[in-house]
Participant: 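Handing you this structure, nothing more for now.
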Amino acid sequence: MTKATEISKCLVNISDVKNLEDRETNYLNNEGEFWIQLGTAVTPTDYYTEIFLQQMFTGERSRCYIQTKSGVQIEFTVKMLKIEFINYLYKLTVAEVYQLALQYKQNGVTMFKKYPKFAQEYFCRAAKCLISYQPFDVLTESSEHVNPRDLQSLFANLQTNIAACLVKEGRYEDVLHVTEFVEQNNEQVSDKAIYRRALALCNLNKYEEAKELIEKSNYAENKEFCGLYDRIKNEWRRSDERYTNMVKKMFG
Amino acid sequence: MEGDMESDDEMSQYEKMCSANVKPGMFVSGWDDPADLVQEDKNPHESLDREILWAANEGKIDVIREILHLDPDSVNSVDDDGYTPLHRACYNNFVDIAELLLKFKANPNAQTELKWTPLHSACKWSNAECAALLLQHGADVNAKSDGLQTPLHIAATVSNCRNVASILLLDRNIDPDALNNSEETAADIAKRTGLTYPVFEMGHSAYRVETGLID
């Protein structure tokens, strides 16, 4: 009755693959029996294959279908030969969760260029794993075998990556949420995080806050920062002009 | 406190209110905690249906195995409130029994009279392993009870619900914005209930992604 969890290992045999075409995969092009460590997929096809594997029992043989945008279905048959259960995710220690989050982050970095949505999914999943142990400041290195500062640093890094994905989608309110740590003004704040927060503030017409944030950094030394700084000033000025004209029209 | 009452009429009214047949929780808008309603069978051995319910409550896995081999349909037995053996195993955190029942095709989404599923029961008592097991076997993570409580709402009422909340919030299908009929999200409840509120950050919209169809 055992099913695999997100961190299990599965011994499988995959056969009769159809309509894969030139899509990337590390799983569907294998012949014979082989092990898959769940949580390591770095192509969309393999990512969805892992979801199938989590539904299966040992000994089960299933025909699987993945719908594509073109309407064609990728098809393959999986035989689940063995499941090495390992553990439920919630039972992992803080140190194990940290390692898992690092693995997810690395998967996200690998996928970001070609498959940004899947990268975002990995970054978010990693962030959620870490959140399950928040607040970090009550953890101690001696009992948890991982430095809470490393946890905080990885979390900030993930949030900065998530912010990049959210900026692409125009989800600026969410960008502000994941970059709140920027306002805490500690040494872990990267220029990228500051830039993405300032960009979101600008797009939400919060020009004053955006300008103040950029002025806290060494914006003059960075071309992108300078560009954003100019954009904020120009848009703020135009916004003020629009407001003045509107008032003139109403009362002039 | 007689001195506080200004007249006999008022006193009489007060006594009526004290003795009124009011169910606990009646004034908690939208709440449908069935814990007070779980019945005890005085003669559990009269039939296989009643015996399996009793055994699921008492952790008697051998009895359950025997009953299921005699009558596999008894896995669907229900008590007067609609609780199945799986509900009972899950609120008692009998993981082995829950596994056995699922093996015999127990419905992971069976509903009681108040529309509680086994997952609601597991969450009510912070039984993380049962919750994880149920989700693996097809339990609806967003199932709604009569009061529109999802399992996450139920988990949020428990002061330290880190494990169960993490399991639910890491589920791909979770809807953390679901409102109960008091118009509250689970995070609203967690905020005032206890220690685990920071974990509900996982449900923030910033961490939601639709990977969608592949190219």
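Here the structure is a predicted model, which is why all the values come from computation and not from measurement. All chains are named by letter (A, B, ...) in the order of the sequence lines, taking the proteins before the strands, and each is independently numbered beginning at 1.
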Participant: Taking all non-hydrogen atoms of both residues, which atom of A:Pro116 and which atom of A:Lys168 are closest, and how far apart?
Facilitator: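 Closest pair (atom of A:Pro116, atom of A:Lys168, distance): CB-NZ, 4.2 Å.
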Participant: So which bits of residues 133-141 of chain B come within less than 4.5 Å of chain A, counting non-hydrogen atoms only?
Facilitator: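 At a heavy-atom separation under 4.5 Å, chain A is reached by B:Leu133, B:Gln136, B:His137.
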Participant: Heavy-atom distance under 4.5 Å to chain B: side chain of A:Ile131, backbone, both or neither?
Facilitator: both
Participant: Quick one: closest heavy-atom pair of A:Val97 and A:Cys129, and the distance?
Facilitator: CG1-O, 3.4 Å
Participant: For a 4.5 angstrom cut-off between non-hydrogen side-chain atoms, does A:Asp16 reach A:Arg63?
Facilitator: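 Result yes, sub-4.5 Å side-chain heavy-atom pair found.
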Participant: Output the residues of residues 69-78 of chain B for which the shortest heavy-atom distance to chain A is under 4.5 Å, in residue-number order; output 'none' if no such residue exists.
Facilitator: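 Residues qualifying by a heavy atom under 4.5 Å from chain A are absent, so none.
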Participant: Using the rule given for ring-ring contact (aromatic ring centres under 6.0 Å, His included), can you reason through A:Tyr104 versus A:Phe123, listing the C-alpha separation, both sets of side-chain angles and the distance that settles it, and then say yes or no?
Facilitator: CA-CA 7 Å; A:Tyr104 285 162; A:Phe123 295 143; over 10 Å; no
Participant: Before you tell me yes or no, could you show the steps for A:Arg197 and A:Glu183 under salt bridge (Lys or Arg N to Asp or Glu O under 4.0 Å), namely the whole-Å CA-CA distance, both residues' side-chain angles and the distance that decides it to 0.1 Å?
Facilitator: CA-CA 10 Å; A:Arg197 185 171 179 81; A:Glu183 304 292 346; 2.7 Å; yes
Participant: Where on B:Ser205 is there a heavy atom nearer than 4.5 Å to chain A: the side chain, the backbone, both, or neither?
Facilitator: both
Participant: Quick one: does A:Glu24's side chain get under 4.5 Å of A:Asp46's, heavy atoms only?
Facilitator: no
Participant: Ignoring hydrogens, what is the shortest heavy-atom contact between B:Leu168 and B:Leu119? Give both atom names and the distance.
Facilitator: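 Taking B:Leu168 first and B:Leu119 second, the nearest heavy atoms are CD2-CD2, 4.2 Å.
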Participant: Begin from the C-alpha positions of A:Tyr47 and A:Tyr122 and carry the test ring-ring contact (aromatic ring centres under 6.0 Å, His included) through to its verdict.
Facilitator: CA-CA 10 Å; A:Tyr47 182 88; A:Tyr122 271 124; 5.7 Å; yes
Participant: Shortest non-hydrogen contact from A:Met111 to A:Ala119?
Facilitator: C-CB, 4.1 Å
Participant: Sequence neighbours excluded, which residues qualify as side chain to side chain contact (heavy atoms under 4.5 Å, CB included) partners of B:Glu113?
Facilitator: none
Participant: Between A:Pro44, A:Cys124, A:Ser132, A:Ala163, which residue shows the highest count of heavy-atom pairs closer than 4.5 Å to chain B?
Facilitator: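 Of the candidates given, the most pairs with chain B belong to A:Ser132.
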Participant: Can you tell me which portion of A:Gln159 sits under 4.5 Å from chain B's heavy atoms? Options are side chain, backbone, both or neither.
Facilitator: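 Contact with chain B: side chain only.
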Participant: Please classify the contact of A:Leu176 with chain B as side chain, backbone, both or neither, using a heavy-atom distance under 4.5 Å.
Facilitator: neither
Participant: Once rounded to the nearest 0.5 Å, what's the spacing between atom OG1 of A:Thr77 and atom CD1 of A:Ile14?
Facilitator: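 That separation rounds to 9.5 Å.
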Participant: With a 3.5 Å distance limit and no angle check, can you tell me whether B:Asp188 reaches the backbone of B:Thr185 through a side-chain donor-acceptor pair?
Facilitator: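 Yes.
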Participant: Could you give me the CA-CA distance, side-chain angles and deciding distance for A:Phe118 and A:Tyr48, then say whether ring-ring contact (aromatic ring centres under 6.0 Å, His included) is met?
Facilitator: CA-CA 10 Å; A:Phe118 289 85; A:Tyr48 285 135; 5.6 Å; yes
Participant: For chain B, find which of A:Glu121, A:Gln134, A:Gln55, A:Glu173 contributes the most heavy-atom pairs closer than 4.5 angstrom.
Facilitator: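 Ranked by contacts with chain B, first place is A:Glu121.
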Participant: Supply the atom-to-atom distance B:Asp79 CG to B:Asp49 CG, rounded to the nearest 0.5 angstrom.
Facilitator: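 Taking CG in B:Asp79 and CG in B:Asp49, the distance rounds to 11.0 Å.
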Participant: Heavy-atom cut-off 4.5 Å, strictly under: side chain, backbone, both or neither for A:Ile51 against chain B?
Facilitator: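 A:Ile51 touches chain B through side-chain heavy atoms alone.
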Participant: Taking atom OG of B:Ser121 and atom NE2 of B:His87, what is their separation to the nearest 0.5 Å?
Facilitator: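 Atom-to-atom, B:Ser121:OG and B:His87:NE2 are 5.0 Å apart.
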Participant: Mind checking which of residues 207-215 of chain B sit less than 4.5 Å from chain A, heavy atom to heavy atom?
Facilitator: B:Tyr207, B:Arg208, B:Val209, B:Glu210, B:Thr211, B:Gly212, B:Leu213, B:Ile214, B:Asp215
Participant: Please state whether the side chain, the backbone, both or neither of A:Thr5 comes within less than 4.5 Å of a heavy atom of chain B.
Facilitator: both
Participant: Examine whether an atom of A:Phe57 lies under 4.5 Å from a heavy atom of chain B, and if so say whether it belongs to the side chain, the backbone or both; otherwise answer neither.
Facilitator: side chain
Participant: Examine whether an atom of A:Tyr88 lies under 4.5 Å from a heavy atom of chain B, and if so say whether it belongs to the side chain, the backbone or both; otherwise answer neither.
Facilitator: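 Interface part for A:Tyr88: side chain.
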Participant: Heavy atoms only: give me the nearest B:Ile189-B:His153 pair and the separation to one decimal.
Facilitator: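 Between these two residues, the closest heavy atoms are CD1-CD2, 3.7 Å.
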Participant: Before giving the answer on side-chain hydrogen bond (donor to acceptor under 3.5 Å, both in side chains), spell out for B:Glu184 and B:Ser182 the whole-Å C-alpha distance, their side-chain angles and the decisive distance to 0.1 Å.
Facilitator: CA-CA 5 Å; B:Glu184 285 186 312; B:Ser182 298; 5.0 Å; no
Participant: Could you tell me which of B:Arg162, B:Arg172, B:Glu99, B:Glu129 has the largest number of non-hydrogen atom pairs under 4.5 Å with chain A?
Facilitator: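 Ranked by contacts with chain A, first place is B:Arg162.
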Participant: Taking atom types as modelled, find out whether A:Thr45 and A:Arg23 have a side-chain donor-acceptor pair closer than 3.5 angstrom.
Facilitator: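 Result is no, nothing qualifies.
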